[in-house]
Amino acid sequence: MRRIGIYVGAVGCGALASPHLAWAYIDPGTGATFIGNMGPLIVGIVGGGFAFLLKIFWHPIKRRFGSDKTKPQDPSSHE
(Lines give C-alpha, C1' and ligand atoms only; values in the text may rest on other atoms or scores of the structure.)
Protein backbone atom coordinates (compact mmCIF):
# COMPACT_ATOMS: atom_id res chain seq x y z
CA MET A 1 0.00 0.00 0.00
CA ARG A 2 2.84 2.38 0.83
CA ARG A 3 4.55 1.58 -2.46
CA ILE A 4 1.46 2.68 -4.40
CA GLY A 5 1.46 6.03 -2.60
CA ILE A 6 5.07 6.60 -3.54
CA TYR A 7 4.32 5.89 -7.20
CA VAL A 8 1.27 8.16 -7.21
CA GLY A 9 3.26 10.94 -5.58
CA ALA A 10 6.12 10.58 -8.08
CA VAL A 11 3.73 10.68 -11.05
CA GLY A 12 1.92 13.68 -9.59
CA CYS A 13 5.15 15.61 -9.03
CA GLY A 14 6.30 14.73 -12.53
CA ALA A 15 3.03 15.97 -14.02
CA LEU A 16 3.24 19.25 -12.11
CA ALA A 17 6.88 19.78 -13.09
CA SER A 18 6.36 19.19 -16.81
CA PRO A 19 6.70 22.34 -18.93
CA HIS A 20 4.01 21.43 -21.47
CA LEU A 21 1.45 24.04 -22.41
CA ALA A 22 -2.21 23.43 -21.80
CA TRP A 23 -4.40 24.41 -24.74
CA ALA A 24 -7.57 25.08 -22.81
CA TYR A 25 -10.60 27.25 -23.46
CA ILE A 26 -12.62 28.83 -20.66
CA ASP A 27 -16.05 29.86 -21.90
CA PRO A 28 -18.01 32.83 -20.46
CA GLY A 29 -20.31 30.58 -18.41
CA THR A 30 -17.41 29.30 -16.33
CA GLY A 31 -17.18 32.50 -14.29
CA ALA A 32 -20.90 32.44 -13.56
CA THR A 33 -20.66 28.80 -12.49
CA PHE A 34 -17.72 29.59 -10.23
CA ILE A 35 -19.48 32.56 -8.61
CA GLY A 36 -22.72 30.57 -8.34
CA ASN A 37 -20.90 27.87 -6.39
CA MET A 38 -19.30 30.32 -3.97
CA GLY A 39 -22.59 31.17 -2.20
CA PRO A 40 -23.41 27.63 -1.04
CA LEU A 41 -19.75 27.07 -0.18
CA ILE A 42 -19.67 30.14 2.07
CA VAL A 43 -23.01 29.19 3.66
CA GLY A 44 -21.67 25.68 4.32
CA ILE A 45 -18.47 26.96 5.91
CA VAL A 46 -20.31 29.47 8.12
CA GLY A 47 -22.97 26.89 9.07
CA GLY A 48 -20.32 24.29 9.89
CA GLY A 49 -18.45 26.80 12.05
CA PHE A 50 -21.67 27.74 13.85
CA ALA A 51 -22.51 24.07 14.46
CA PHE A 52 -18.99 23.43 15.78
CA LEU A 53 -19.19 26.37 18.19
CA LEU A 54 -22.68 25.33 19.30
CA LYS A 55 -21.40 21.82 19.99
CA ILE A 56 -18.56 23.18 22.10
CA PHE A 57 -20.59 25.72 24.05
CA TRP A 58 -23.94 23.86 24.26
CA HIS A 59 -23.65 22.69 27.87
CA PRO A 60 -22.58 26.08 29.32
CA ILE A 61 -25.45 27.75 27.42
CA LYS A 62 -27.88 25.12 28.65
CA ARG A 63 -26.68 25.53 32.24
CA ARG A 64 -27.04 29.31 32.13
CA PHE A 65 -30.47 29.57 30.49
CA GLY A 66 -32.12 26.24 31.14
CA SER A 67 -32.98 24.24 34.20
CA ASP A 68 -30.19 21.84 34.96
CA LYS A 69 -31.80 18.64 36.26
CA THR A 70 -28.45 16.98 36.90
CA LYS A 71 -27.65 19.11 39.98
CA PRO A 72 -27.25 17.01 43.10
CA GLN A 73 -29.88 17.81 45.70
CA ASP A 74 -28.85 18.87 49.19
CA PRO A 75 -29.76 16.03 51.60
CA SER A 76 -30.28 18.43 54.51
CA SER A 77 -33.11 20.27 52.70
CA HIS A 78 -35.45 17.24 52.95
CA GLU A 79 -35.95 17.45 56.71
Side-chain angles (χ1 to χ4, degrees):
M1 189 66 165
R2 183 180 171 123
R3 181 177 258 171
I4 293 171
I6 292 171
Y7 290 135
V8 170
V11 170
C13 288
L16 290 174
S18 66
H20 298 292
L21 295 175
W23 297 97
Y25 171 72
I26 299 176
D27 63 289
T30 304
T33 302
F34 179 74
I35 292 173
N37 288 330
M38 286 295 111
L41 180 67
I42 292 170
V43 168
I45 290 171
V46 170
F50 179 73
F52 178 73
L53 289 175
L54 187 65
K55 180 180 179 353
I56 289 175
F57 295 115
W58 176 248
H59 290 293
I61 291 171
K62 188 175 176 183
R63 266 193 308 241
R64 180 174 295 267
F65 294 113
S67 62
D68 192 9
K69 296 178 182 176
T70 60
K71 289 182 182 177
Q73 295 184 358
D74 188 18
S76 62
S77 65
H78 292 290
E79 292 180 18

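When a residue number appears, it is its place in the shown sequence, counting from 1.
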Following the transitive rule for hydrophobic clusters with a side-chain heavy-atom cut-off under 4.5 Å over Ile, Leu, Val, Met, Phe, Trp and Tyr, establish whether Leu41 and Val46 coincide in one cluster.
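No, Leu41 does not connect to Val46 through the hydrophobic network.
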Hey, any chance Phe57 and Phe65 share a hydrophobic cluster, counting ILVMFWY side chains that come within less than 4.5 Å of each other, even indirectly?
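In one cluster: yes.
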Rounded to the nearest 0.5 Å, how far does CD1 of Ile61 lie from CH2 of Trp58?
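If we round to the nearest 0.5 Å, Trp58:CH2 and Ile61:CD1 are 7.0 Å apart.
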Connected-component partners of Val43 among ILVMFWY, side-chain separation under 4.5 Å
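Via sub-4.5 Å side-chain contacts, Val43 links to none.
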